[in-house]
J.: 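Mind looking over this structure? Questions follow.
So you know, we letter chains A, B, ... as the sequences are listed, proteins then strands, and number each from 1. Fair warning: this is a prediction, and the values are worked out from it, not measured in the lab. Values reported hereafter were calculated over all heavy atoms of this structure, with side chains retained and with hydrogens, waters and symmetry mates removed.
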2 protein chains.
Amino acid sequence: MTTIENISDSAPEKMLRILDCFTLQGGQLSVGDISKLTGIPRSTAHRWVGILRDTGLLDQDNSRDVYRLGLRLIHLGNNALWSMDISREARHVLEALSRSAGARSHLCVFDGNQMIFVTRTIGGRAGRFNSTTVMESSPCYCTSVGKAVLAYQPQETVERIISQGLHPYTPHTITDPDRLREELALTRKRGYSINNGEMEMHERCIGAPVRNAAGRVIAGLSLTDKTRKMTDDKIPGFAQTVIKHADLLSVQLGYRHS
Amino acid sequence: MTTIENISDSAPEKMLRILDCFTLQGGQLSVGDISKLTGIPRSTAHRWVGILRDTGLLDQDNSRDVYRLGLRLIHLGNNALWSMDISREARHVLEALSRSAGARSHLCVFDGNQMIFVTRTIGGRAGRFNSTTVMESSPCYCTSVGKAVLAYQPQETVERIISQGLHPYTPHTITDPDRLREELALTRKRGYSINNGEMEMHERCIGAPVRNAAGRVIAGLSLTDKTRKMTDDKIPGFAQTVIKHADLLSVQLGYRHS
DNA sequence: ACAGTTGTCTCATTTTTTGGGACGAGTTTT
DNA sequence: AAAACTCGTCCCAAAAAATGAGACAACTGT
């Protein structure tokens, strides 16, 4: 009927459409901004923003009529990471990988846009809070963990990442969309990814995908070392080690078959 | 009308009621579990869970009929932290504080339940992804940052934290609700909090509240050192330094007046 | 084999959302 | 300084979505 799509969103979809505005546009938005960005009429947007403020999903600068993402989102995000078995299982696998290969290892979860570094250190006593969760994000197109994950995502996800821009960190960063697509195809073919100083000069990483119980690739496990230490001839051997540990982690997350 | 409260939630409220089940109960829940925990009828819960799965707020283990918090929440939480000016402003203030006091400093955001450690390291070039966000959570009843924030939260928040249990980390951890209430009153009175080896033995911290543009205390800034170095006679001086920097940060966040 | 539980689907009823329009307070333009 | 404009806020009848009891099948464990 209307000029553009007339899809009637469910409430959560519409809610996320509003919250995503902040993600894209960053920082702070007014009711008017939200109305424009989402196409939601002013009066409706106004009511929504009020509800989202009351529920803690948005925070309001009282001085101006401006809103930001709320603290409750941080809480939920933190809990989502917590409730993932990945945090629980990760440590031992990371230690085993580092020990057997003699290099640093990373585990990162793909959140739909970036790679989020996950690790957990268990303290002395048992208990919910006796641990710490660490989150650190980095781009997915120029890290080994990112490329390992991206290789197994639907095409539309890859295209979205590309459309957001491939900013160069080093001269080795892949900035050409086609080269990235080739790289992902190669990664899919051999089962592991290589990062050749694309984010940090003189650092080479090998990454492999980690699957959850649903069979989806949700994370990447990697091995990192100086380029001069991780020579070409060693890569195949290291790759098998990384894949082995990534598969082990997948199984611990509930993934079956292979 | 009904026996219990007949409050009709808005859609986001109900959604959060479902998501919060996972926070409280942890791990994974089935449709039936959610129905029981929230009081929402099975068929309604079923539809909701389906929507939340489709929007990425929940993840489904395909093997069993079990759900977990979704990756999208991690994404949103990460973005919420990003969009906070606090990440941008924090670094300089932290460095200044550490330098002027000669001890380690922390900045933690209160997410409603825990204290989330926030820091950011800016790399060489400008750009969105050229930084890293680190999140690490710790309890708020036994850290200086936590007590500094909790002292300025509504009573119901304090009581909720207490009702969740005050687990001892060290012999010095405050586990008596009344002692915690007194401690918070004292903190409010003098304007800064002290953590006396309550989470880590032989570590002493001084914390002060940080306010956002809305005037709400949303974070805590702290100075940490070994107990033997942070002696009683030095505390008042250090406290003023911490408060000064916390206030500076508050102003940078848009807080006015004092 | 059986009783109980659980996931899933349908549909008439109820409830909420919706958004055009109105009003007032600021802000910019003329 | 007045006019034109923008923006936040509120109201209400029309429209759309959520609701939840019930039915059915699949599964569980005794």
J.: Taking only N/O atoms, report every protein-nucleotides 7-12 of chain C pair under 3.5 Å with atom names and distance.
T.:
from: dG7(C); atom 1: OP2; to: G32(B); atom 2: N; distance (Å): 3.1
from: dT8(C); atom 1: OP2; to: H46(B); atom 2: NE2; distance (Å): 2.8
from: dT8(C); atom 1: O5'; to: H46(B); atom 2: NE2; distance (Å): 3.2

J.: Ignoring hydrogens, what is the shortest heavy-atom contact between G207(A) and V242(A)? Give both atom names and the distance.
T.: C-CG1, 4.3 Å

J.: Find the distance R17(A):CZ to dT17(C):P and express it as a whole number of Å.
T.: 16 Å

J.: Please report, rounded to the nearest Å, how far the C1' atom of dC7(D) is from the CD1 atom of I40(A).
T.: 17 Å

J.: Looking at K14(A), does any N or O in its side chain come under 4.0 Å of the phosphate oxygens OP1/OP2 on dT18(C)?
T.: yes

J.: Please indicate whether R211(A) has more than 12 foreign heavy atoms, meaning atoms of other residues, nucleotides or ligands, lying under 6.0 Å from its CZ.
T.: yes

J.: Would R216(A) and L71(B) count as a side-chain contact (heavy atoms from CB on, under 4.5 Å) here? Give the steps.
T.: CA-CA 12 Å; R216(A) 243 173 70 200; L71(B) 296 174; 3.5 Å; yes

J.: Show your working on side-chain contact (heavy atoms from CB on, under 4.5 Å) between L76(A) and D20(B) and close with a plain yes or no.
T.: CA-CA 8 Å; L76(A) 282 169; D20(B) 280 342; 4.2 Å; yes

J.: Work out how much the helix from dA1(C)-dT30(D) to dT30(C)-dA1(D) bends between its end axes, five pairs an end, to the nearest 10 degrees.
T.: 50°

J.: Judged by atom type as modelled, is there a donor-acceptor pair below 3.5 Å linking the side chain of Y141(B) to the main-chain atoms of H167(B)?
T.: yes

J.: Using a cut-off of strictly less than 4.0 Å between a heavy atom of the residue and any atom of DNA chain C, enumerate the qualifying residues of residues 48-59 of chain B by number.
T.: none

J.: May I have the step-by-step check of side-chain contact (heavy atoms from CB on, under 4.5 Å) for R160(A) and N113(A), ending in yes or no?
T.: CA-CA 9 Å; R160(A) 192 184 65 237; N113(A) 275 305; 3.6 Å; yes

J.: Would you say the side-chain atoms of D33(A) pair up with the backbone N or O of S30(A), donor to acceptor, closer than 3.5 Å?
T.: yes

J.: Output yes when a side-chain donor or acceptor of R53(B) lies under 3.5 Å from a complementary backbone atom of Q60(B), and no otherwise.
T.: no

J.: Using a 4.5 Å cut-off on heavy atoms from C-beta on, say whether the side chain of L29(B) contacts that of V66(B).
T.: no

J.: Would you kindly give the CD-to-C1' distance between E13(A) and dT18(C), to the nearest whole Å?
T.: 17 Å

J.: Between the protein and nucleotides 27-29 of chain D, which nitrogen or oxygen pairs come in under 3.5 angstrom?
T.:
none

J.: Could I get the full list of side-chain hydrogen bond (donor to acceptor under 3.5 Å, both in side chains) partners for S105(A), not counting sequence neighbours?
T.: S98(A)

J.: Starting from C1' on dA18(D), measure out to CE on M15(B) and report it in whole angstrom.
T.: 16 Å

J.: Taking only side-chain N and O atoms of T44(B), does any of them lie within less than 4.0 angstrom of OP1 or OP2 on dG20(D)?
T.: yes

J.: Salt bridge or not between D59(B) and R72(B)? Use side-chain N to carboxylate O under 4.0 Å.
T.: no

J.: Any idea which heavy atoms bring I74(A) and G77(B) closest together, and the distance?
T.: CG1-O, 3.8 Å

J.: With a cut-off of 3.5 Å and sequence neighbours excluded, list every side-chain donor-acceptor pair involving residues 145-155 of chain A.
T.:
from: K147(A); atom 1: NZ; to: E183(A); atom 2: OE2; distance (Å): 2.8
from: K147(A); atom 1: NZ; to: I194(A); atom 2: O; distance (Å): 2.8
from: K147(A); atom 1: NZ; to: E198(A); atom 2: OE1; distance (Å): 2.9
from: K147(A); atom 1: NZ; to: E198(A); atom 2: OE2; distance (Å): 2.9
from: Q153(A); atom 1: NE2; to: V149(A); atom 2: O; distance (Å): 3.3
from: Q153(A); atom 1: NE2; to: V217(A); atom 2: O; distance (Å): 3.0
from: Q155(A); atom 1: NE2; to: E159(A); atom 2: OE2; distance (Å): 2.7

J.: Examine dC7(D): is either OP1 or OP2 under 4.0 Å from a nitrogen or oxygen in the side chain of K36(A)? Give yes or no.
T.: yes

